[in-house]
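Each residue takes its place number in the sequence, starting with 1. Both counts, for ligands and for their atoms, begin at 1 and track the order of listing.
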Amino acid sequence: MKRDLISITDVRADLLDIIDMAIFLKKKSRLGEVFEPLKNKSLAMIFEKPSTRTRVSFEVAMTQLGGHALYLSPRDMQLGRGETIEDTARVLSRYVDAIVYRAYDNKMVRKLAEHATVPVINALDDREHPCQIVADLMTIMEKKGRFRGLKLAYVGDGNNVANSLLLGSAIVGMDMYLACPDGYEPPVEVVKRAKDIAEETGAEIVITHDPVEAVRDADVVYTDVWVSMGDEAEKERRERDFAPYQVNEDLVKHAKPHYIFMHCLPAHRGYEVTDEVIDSKNSVVFDEAENRLHAQKAILLHLIPH
Ligand code: CP
Ligand code: NVA
C-alpha cells in the first residue's frame with residue numbers, strides 16, 4: 001500500500017523517526033558523504049502557487065539522493081486546460097515515483113492522492129503545510145533537545161501552518177498556545193483533533209486571543225504571515241485586525257530568555273514580525289529554512305520504496 005503525506009497526522013506513528021532521520025541526513029551531508037538511495041527515481045512537483053523554499057529544497061533533495069525532480073506549473077500542463085486531476089494522477093503515476101503538490105484546495109490534493117498509485121506529498125494547501133512542520137520540529141529538537149515540557153507560542157493567523165503545528169505539537173507531546181484575533185481561529189475540527197491527540201501524549205493545546213498569555217514563559221515563539229496566498233482580497237482588513245498581534249520586542253519580553261524565534265518564511269517584515277526580532281540572536285529562521293532540505297529528504301525516503 002502506498003503512503004501519502006497530506007496531513008501531518010498521516011505520519012503520526014513515524015514522526016519522531018522521520019525527525020531523527022532528518023537530523024542524521026544533515027550530519028551525513030555536513031561530512032560530505034554521498035548517499036544516493038533514490039538513484040533513478042523521479043519526483044513530479046505541481047505548484048499552483050509560488051514557492052522558494054519548498055520547491056528548491058525538494059528539487060535539491062532529490063538530486064542529492066541520486067534522483068530527479070520535475071517542476072510542473074498547471075499553466076504549462078494540460079491540467080490548466082481542463083484535463084482532470086484524476087487523469088493527471090493516473091498518468092503521472094506511470095512515470096514518476098512520487099508527486100509533490102502545492103494546491104489552493106485541500107480537496108484537490110486528496111483527489112490526486114486517491115487516484116495516484118504513487119505517494120502524494122502535500123506541499124501546502126489551504127488546510128495544512130505538513131512538510132514545513134517536519135522541518136520545524138527537527139529545528140526545535142536540534143536547538144532544545146526535547147519536545148516534552150516545552151511551550152510553543154504561535155501568534156497570528158489560524159492558517160495552514162498553524163493547523164499543522166497544532167497537530168504536530170500534539171503528536172510530539174509539546175505544549176502549544178495559539179493566540180489569534182477573534183474570527184481567525186483554526187478550524188474547530190483541527191483543534192479537536194489536536195486536543196484528542198494531546199490527551200494521549202500529555203501535551204497542552206490552548207487557543208486564546210491574548211498574545212501575552214501565549215508568549216509568557218514560551219521556549220519557542222512562532223509566527224506566519226497575516227495574508228496567506230489566496231487571502232489577498234482581505235489584505236486591508238487582516239492588516240488592521242492582526243496589528244495587535246505583531247511579534248515585536250515588547251511581546252517577546254514575556255518569553256523565556258533563551259527562547260527561539262521561528263517563522264516558516266517568507267516573512268513580511270514590519271507586519272507579523274519586526275526586524276529586531278527576526279534578526280535577533282534568538283531567531284533561528286534560516287536554520288529552520290535550511291532544515292527544509294534535510295526534512296524533505298527524510299520524508300522522501302520514508303514514502304518512496306527503495
Ligand atoms: N515556507 C515555505 O513553504 O516557503 P515557500 O513558499 O517559499 O515554499
Ligand atoms: N501561510 C502561508 C505560508 C507560506 C509558506 C501561506 O499559505 O501563504
Any Val227 heavy atom less than 4.0 Å to ligand 2: no
Qualifying residue for side chain to side chain contact (heavy atoms under 4.5 Å, CB included) with Phe261, from Val273, Asp279, Val252, Val284: Val273
Closest contact, heavy atoms only, Ala153 versus Ala214: CB-O, 3.2 Å
Ligand 1 contact by Leu265, heavy-atom criterion under 4.0 angstrom: yes
Close approach of Lys49 to ligand 1, heavy atoms, under 4.0 angstrom: no
Neighbour count above 12 (heavy atom, 6.0 Å) for Lys144 NZ: yes
Glu86 atom CD, neighbour heavy-atom count above 12 within 6.0 Å: yes
Nitrogen or oxygen atoms of Cys264 and ligand 1 under 3.5 Å apart: yes
Contact check: Arg55 vs ligand 1, nitrogen or oxygen atoms, below 3.5 angstrom: no
Arg53/Glu288 ion pair, N-O < 4.0 Å: no
Salt bridge present between Arg238 and Asp157 (N-O < 4.0 angstrom): yes
Shortest protein contact, [atom] (heavy atom only):
atom: atom 8 (O) of ligand 2; value: Met229 N, 2.8 Å
atom: atom 7 (O) of ligand 2; value: Asn160 ND2, 2.9 Å
atom: atom 6 (C) of ligand 2; value: Ser228 OG, 3.3 Å
atom: atom 4 (C) of ligand 2; value: Leu124 CD1, 3.8 Å

Result of checking Asp219, Asp287, Asp136 against Lys143 for salt bridge (Lys or Arg N to Asp or Glu O under 4.0 Å): Asp287
His294 side, atom NE2; Arg30 side, atom CZ - distance, nearest 0.5 Å: 5.0 Å
Would you say [X] has any N or O atom under 3.5 Å from an N or O of ligand 2, going by distance alone?
X: Arg102; answer: no
X: Asp224; answer: yes
X: Val225; answer: no

Using a strict 4.0 Å cut-off to heavy atoms of [X], name the atoms of ligand 1 that fall inside it.
X: Arg102; value: 3 (O), 5 (P), 6 (O), 8 (O)
X: Arg53; value: 1 (N), 2 (C), 4 (O), 5 (P), 7 (O), 8 (O)
X: His129; value: 2 (C), 3 (O)
X: Arg292; value: 1 (N), 2 (C), 3 (O)
X: Thr52; value: 5 (P), 7 (O), 8 (O)

cation_pi(Arg55, Tyr71) dist<6.0 Å, angle<=45: yes
Donor-acceptor under 3.5 Å (Glu48 side chain, Tyr104 main chain): yes
